Amino acid sequence: MKNRTILKIAAVIIPVISISIIIGLLLNFRKKKEKTEALKNIPTFSLTKIDNTLFNSQSLVNTQTKVFIYFSPSCHYCQAEAEDLSKTYHLYQNIQWIWVASEPIREIKEFAHQYNLDKRSNIHWCHDERAAFYQKLGMSTIPYFLVYNQNNHLIKRNSGAIKLEKLLLDTLHERK
């Protein structure tokens, strides 16, 4: 008798749990798809630069490729990528770089200065207060890269470490 009762309960619970899991997966997939769709063009945003000026969607140069890098000054991969950019900057002067972090402005300034990238006119160091930009773009890791063409259309998206040369390979060939 006990076994039949357990089987009846299991016959109801297992399908309900399975259906719940499937619905949850579908909703999660839909959310991810919506966030990916939202990234196809640069969304409106407003950030504070390390010199306490405003940097927003209207600050972008439409004749240049734009690379958004969400980073953390303490991230070893981010440090390696900043060092790489510092050494190969001459190859990428026609790109607008937007480095964004949610750490305190002081830490972002120190990071930019450490790699001699703080005085470059096409590199913008921005503070994302309360990680609002990070959440808006649906980012999931650090570093996170978004590359947009001159028309502000997404060319490439990458989460995690990547060599800048590999990240920009398609972009550089597109211009030739």
Side-chain angles (χ1 to χ4, degrees), residues 31-164 166-168 170-172:
K31 278 184 185 177
K32 284 185 180 182
K33 187 176 179 182
E34 287 172 1
K35 286 183 178 180
T36 302
E37 286 292 318
L39 293 176
K40 282 188 174 182
N41 295 307
I42 298 175
T44 57
F45 66 91
S46 183
L47 300 166
T48 304
K49 290 175 60 171
I50 58 175
D51 63 2
N52 288 318
T53 60
L54 182 67
F55 188 82
N56 59 26
S57 310
Q58 291 77 34
S59 307
L60 297 170
V61 178
N62 286 331
T63 59
Q64 292 182 319
T65 297
K66 293 127 201 108
V67 178
F68 287 86
I69 303 171
Y70 206 97
F71 77 105
S72 171
S74 61
C75 164
H76 297 294
Y77 297 116
C78 304
Q79 293 166 4
E81 280 146 3
E83 187 173 338
D84 185 26
L85 180 58
S86 182
K87 290 176 182 175
T88 60
Y89 175 78
H90 64 282
L91 300 172
Y92 308 119
Q93 292 180 30
N94 57 347
I95 294 174
Q96 191 173 23
W97 298 88
I98 302 96
W99 288 72
V100 184
S102 55
E103 281 76 7
I105 290 178
R106 177 187 50 77
E107 289 181 33
I108 300 169
K109 278 183 184 180
E110 289 171 4
F111 182 88
H113 182 74
Q114 178 180 351
Y115 296 100
N116 299 316
L117 296 170
D118 53 337
K119 305 264 190 283
R120 308 290 185 173
S121 63
N122 63 324
I123 300 178
H124 307 279
W125 296 93
C126 301
H127 178 244
D128 180 19
E129 191 171 353
R130 288 175 268 154
F133 188 67
Y134 184 84
Q135 292 169 8
K136 182 176 187 173
L137 297 180
M139 297 177 180
S140 56
T141 60
I142 292 178
Y144 195 92
F145 298 87
L146 294 168
V147 181
Y148 290 90
N149 66 13
Q150 294 87 341
N151 299 319
N152 297 333
H153 300 300
L154 184 66
I155 300 171
K156 193 162 195 162
R157 180 173 59 133
N158 188 79
S159 61
I162 187 171
K163 289 268 189 200
L164 295 179
K166 184 175 180 186
L167 179 74
L168 298 170
D170 298 332
T171 308
L172 296 175

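Just so it is clear, the model here is predicted, and its values are computed rather than measured.
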Quick one: are L146 and I98 in side-chain contact, heavy atoms under 4.5 Å? no

Here the pair of heavy atoms bringing E81 nearest to P143 is OE1-CG, 3.5 Å

Parallel, tilted or perpendicular, judged at 30° and 60°: which one describes the rings of F71 and W99? perpendicular

Scanning both residues in full, the closest heavy-atom pair of L117 with A82 reads CD1-O, 3.6 Å

Output for pair (I142 CD1, I69 CD1), nearest 0.5 Å, gives 12.5 Å

In this structure, OG of S57 is separated from CG of N41 (nearest 0.5 Å) by 11.5 Å

Q: Report the C-alpha separation of F145 and L164 in whole Å, then their side-chain angles, then the decisive distance to 0.1 Å, and conclude whether the side-chain contact (heavy atoms from CB on, under 4.5 Å) test is met.
A: CA-CA 10 Å; F145 298 87; L164 295 179; 4.2 Å; yes

Do T65 and N94 have side chains that get closer than 4.5 Å, going by heavy atoms?
-> no

Residue set satisfying ring-ring contact (aromatic ring centres under 6.0 Å, His included) with H124, at least two apart, ordered chain then number -> F55

Report task. Please lay out, stage by stage, how H127 and I108 fare under the test side-chain contact (heavy atoms from CB on, under 4.5 Å). Result -> CA-CA 8 Å; H127 178 244; I108 300 169; 4.0 Å; yes

- Message: Using a 3.5 Å distance criterion without hydrogens, assess whether the side chain of K66 forms a donor-acceptor pair with backbone atoms of I95.
- Response: no

When every non-hydrogen atom of Q96 is compared with those of V61, the smallest separation belongs to OE1-N, 2.8 Å

Ring geometry between Y70 and F133 (parallel below 30°, tilted from 30 to 60°, perpendicular above 60°): parallel

Report task. Spell out, as yes or no, whether a donor-acceptor pair under 3.5 Å connects the side chain of S102 to the backbone of R130. Result -> no

CG (L60) and CD1 (I42) are apart, to the nearest 0.5 Å, by 5.0 Å

Sequence neighbours excluded, the answer for salt bridge (Lys or Arg N to Asp or Glu O under 4.0 Å) partners of R120 is none

Value for OH (Y144) from CG (N158), rounded to nearest 0.5 Å, stands at 8.5 Å

query: Less than 4.5 Å apart, any side-chain heavy atom of L167 and any of V67?
result: yes

Does a sphere of radius 6.0 Å around OH in Y115 hold more than 12 heavy atoms from other residues, nucleotides or ligands, not counting ones at 6.0 Å or beyond?
yes

So, do Y77 and T141 sit near enough that their side-chain heavy atoms are less than 4.5 Å apart?
-> no

Exam field: side chain N122 to backbone Q93, donor-acceptor pair closer than 3.5 Å: yes

Smallest heavy-atom separation, P43 atom then K136 atom, equals CB-CE, 4.2 Å

In short, I105 meets K49 closest at the heavy-atom pair CD1-O, 4.4 Å

Exercise. Quick check: does any side chain N or O of N151 sit under 3.5 Å from a backbone N or O of H153, one acting as donor and the other as acceptor?
Worked result: no

Taking the side chain as everything from C-beta on, heavy atoms only, tell me whether E103 gets closer than 4.5 Å to S72.
yes

Could you tell me whether the side chain of K109 reaches within less than 4.5 Å of the side chain of D118, counting heavy atoms only? no

**Study point:** Modelled atom types, side-chain donor and acceptor of Y89 and N116, under 3.5 Å
**Key:** no

Quiz prompt | Close side-chain approach of L168 to L91, heavy-atom, < 4.5 Å | solution = no

May I ask you to test the F111-I50 pair for a side-chain heavy-atom distance under 4.5 Å? no

Correct closest heavy-atom pair for D128 and Y134 would be OD2-N, 3.0 Å

